[in-house]
Amino acid sequence: MMLKSVTESFATTIHGLKAGHLTDRIIQRSKRMILDTLGAGFLGTSTEVFHKASQYSKIYSSNITSTVWGRPDIRLPPTYAAFVNGVAIHSMDFDDTWHPATHPSGAVLPVLTALAEALPRSPKFSGLDLLLAFNVGIEVQGLLHFAKEANDIPKRFHPPSVVGTLGSAAAASKFLGLSSTKCQEALAIAVSHAGAPMANAATQTKPLHIGNAAKHGIEAAFLAILGLQGNKQVLDLEAGFGAFYANYSPKVLPNLDSYSWLLDQQDVAFKHFPAHLSTHWVADAAASVRKNLVAETDLLPIDYIKRIVLRIPNVQYVNRPFPDSEHEARHSFQYVACAMLLDGGITVASFHECQINRPQVRELLSKVELEYPPDNLPSFNTLYCEISVTLKDGATFTHRSDTFYGHWRKPVSQEDLEEKFRANASKMLSCDMVESLIKTVENLEDLEDCSVLTALLKGPSPPEVASNSSAYNNSITNLS
């Protein structure tokens with residue numbers, strides 16, 4: 001029997017995985033990911049980058065449309081609904097993170113909600129259909145990390161733009177019932193849409209990486225359906241998917257007889273404030289040191305602090321000594337440490353420019369030094385942060401964080417995850433709608449018709465939305 005290529009084995013796996021392969025743990029973990037991603041998306045509709053992406057997308061029209069989450073006044077072709085929702089999800093860097101390093105859910109979930117709404121079928125798309133396609137999209141992202149460098153925090157390409165694009169294509173292909181051959185073509189097409197540089201981290205462009213991954217995955221599946229062809233060995237070749245990695249070493253996937261999901265073995269991390277995952281170790285360590293400096297409600301005595309040392313992995317795009325924008329602050333070890341020391345907590349509001357530019361923050365930032373211990377490798381699975389604060393009287397307080405609450409080694413409780421969702425989603429939805437969404441996701445595997453979910457995602461009535469967004473829209477130049 002002729003051995004399959006790597007690309008063919010991926011296509012066979014995408015096509016061959018069935019609902020019966022899903023374990024109870026996979027279903028529970030993926031429902032948590034879906035709820036968290038929806039919350040990040042609803043919150044993200046308040047951001048400037050979301051408004052720019054949605055204004056741009058309005059120039060496209062189609063007879064087939066899908067909802068922009070929380071914005072019933074905006075309906076777009078499914079590709080652009082997925083794009084805008086993906087941008088919203090990552091607009092504050094509040095979405096989940098996995099190991100090997102990527103943001104897995106944001107590239108996949110918007111694809112499935114857009115398709116479920118835009119392409120009604122008989123029988124209807126069920127919640128179990130959505131869960132299966134979602135997990136196929138997540139699984140493919142994990143399986144594609146063929147190179148050692150993919151295990152580390154990235155240096156060249158932003159992973160969601162690479163593996164996320166193919167995960168999106170895989171999820172769309174599964175949801176639409178593509179044959180194994182068409183799945184193979186969709187992967188080949190998606191590779192030509194993949195890739196975005198890390199140079200755009202900490203800018204308004206970074207959220208586009210997630211949006212584009214979602215959009216391009218749908219496009220790849222649609223083009224494959226129409227018969228477009230690509231290289232049938234695209235995952236096997238260094239000149240194919242291997243172009244994104246050094247020391248590329250692809251492997252043929254095992255058969256489906258006793259399939260073992262990566263998500264079953266490795267959970268995701270959920271963030272409790274909107275910033276790069278590595279800063280959560282910094283915040284955890286800084287919070288512990290602060291307890292030695294002041295009582296919980298007291299002000300930090302900035303004048304008494306002589307020096308702050310952060311011992312962290314060498315991740316240059318999160319090394320921003322004096323961030324000038326919310327996006328830079330979300331990618332700044334230094335800012336998160338100083339904000340935690342000063343305020344005793346990090347919230348969504350911590351990244352508003354008025355908070356970033358406070359004189360007290362700037363003074364603290366000037367006292368921060370970085371050290372890179374050789375054993376502190378840039379991996380979300382092993383990194384740590386140690387912070388030392390030295391006072392002018394010579395006293396030094398030090399704390400090391402090896403993990404934080406929300407990391408896969410210290411999972412967030414379901415109760416706290418739901419509270420995070422309530423806080424995020426209530427910015428756009430009524431309390432009743434928020435609770436209905438929590439209940440719907442909780443019972444997603446039993447949902448007979450996904451339209452129940454997509455109807456809730458629409459959000460408040462259009463007049464309500466219009467009154468909330470008129471001030472912003474008046475400042476936007478009309479693209480038409």
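Between the side chain of Ser9 and the backbone N or O of Val252 there is no donor-acceptor pair closer than 3.5 Å. A donor-acceptor pair is defined here as one N or O able to donate and one able to accept, closer than 3.5 Å; no such pair exists between the side chain of Arg156 and the backbone of Ala196. Of the possible donor and acceptor atoms, one in the side chain of His103 sits under 3.5 Å from a partner among the backbone N and O of Asp96. Not a single donor-acceptor pair under 3.5 Å links the side chain of Ser168 to the backbone N or O of Gly164. Side chain of Ser332 to backbone of Glu328: no donor-acceptor contact under 3.5 angstrom is found. One N or O on the side chain of Asn443 and one on the backbone of Lys439 form a donor-acceptor pair closer than 3.5 Å. For Thr7 (side chain) and Val234 (main-chain N/O), a donor-acceptor pair under 3.5 Å exists by modelled atom type. Between the side chain of His99 and the backbone N or O of Ala269 there is no donor-acceptor pair closer than 3.5 Å. Glu185 contributes no side-chain N or O that, together with a main-chain N or O of Thr181, makes up a donor-acceptor pair within less than 3.5 Å. A donor-acceptor contact shorter than 3.5 Å links the side chain of Arg409 to the backbone of Asp402.
Looking at Gln334 and Arg320, their side chains never bring a donor and an acceptor atom within 3.5 Å of each other. A donor-acceptor pair shorter than 3.5 Å cannot be found between the side chains of Glu48 and His51. In this structure, a donor-acceptor pair under 3.5 Å is absent between the side chains of Ser54 and Arg71. Counted by atom type alone, Ser260 and Gln265 present one or more donor-acceptor pairs between their side chains at under 3.5 Å. A donor-acceptor contact closer than 3.5 angstrom is absent between the side chains of Gln355 and Tyr335.
Between Val6 and Lys251, every side-chain heavy-atom pair lies at or beyond the 4.5 Å cut-off. Side chains of Asn319 and Tyr317 form no contact here, defined as non-hydrogen atoms less than 4.5 Å apart. At a threshold of 4.5 Å between non-hydrogen side-chain atoms, the residues Thr165 and Asn212 do not count as touching. A 4.5 Å side-chain heavy-atom check between Trp69 and Leu109 finds at least one atom pair inside the cut-off. Thr67 has its side chain out of reach of Thr454: every pair of non-hydrogen atoms, C-beta onward, lies at least 4.5 Å apart.
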Show me, pair by pair, the donor-acceptor contacts under 3.5 angstrom made by side chains of residues 127-138, not counting sequence neighbours?
unit_1, atom_1, unit_2, atom_2, d
Asp129, OD2, Arg121, NH2, 2.9
Asp129, OD2, Ser126, N, 2.9
Asp129, OD2, Ser126, OG, 3.2
Asn135, ND2, Ser30, OG, 3.2
Asn135, ND2, Leu131, O, 2.9

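A pairwise comparison of heavy atoms in Ala107 and Val111 identifies O-CG2, 3.5 Å as the closest pair. Nearest approach of Phe241 to Leu144, heavy atoms of both residues: CE2-O, 3.7 Å.
With respect to His407, the ring-ring contact (aromatic ring centres under 6.0 Å, His included) criterion is satisfied by exactly one of Trp98, Tyr384, Phe270, Trp281: Trp281. Residue Asp93 forms a side chain to side chain donor-acceptor pair (under 3.5 Å) with just one option from Arg330, Lys206, His327, and that option is Lys206.
Using a 30° and 60° split on the angle between ring planes, His331 and His276 fall in the tilted class, from 30° to 60°. Between Phe157 and Phe244, the ring-plane angle classifies as perpendicular under the 30° and 60° cut-offs. The aromatic rings of Tyr80 and Phe83 sit perpendicular, their planes meeting at an angle over 60°, well past the 30° parallel limit. Aromatic ring pairs are classed by plane angle as parallel below 30°, tilted from 30° to 60° and perpendicular above 60°; the pair His280 and Phe273 is parallel.
Phe421 CZ to Ile438 CD1: the interatomic distance, rounded to the nearest 0.5 Å, is 5.5 Å. Annotation: the span from Leu119 atom CG to Ser66 atom OG amounts to 7.0 Å, rounded to 0.5 Å. Note that the OH atom of Tyr405 and the OG atom of Ser413 stand 3.5 Å from one another [nearest 0.5 Å].
Shown here is Asp24, whose CG atom has no more than 12 heavy atoms of other residues, nucleotides or ligands within 6.0 Å. Residue Glu448 places its CD atom among 12 or fewer non-hydrogen atoms of other residues, nucleotides or ligands, all under 6.0 Å distant.
Remark: Lys420 qualifies as a cation-pi partner of Phe94 under the 6.0 Å distance and 45° angle criteria applied to the six-membered ring.
Sorted by first then second residue, the ring-ring contact (aromatic ring centres under 6.0 Å, His included) pairs that include residues 165-190, not counting sequence neighbours, are Phe125-Phe175.
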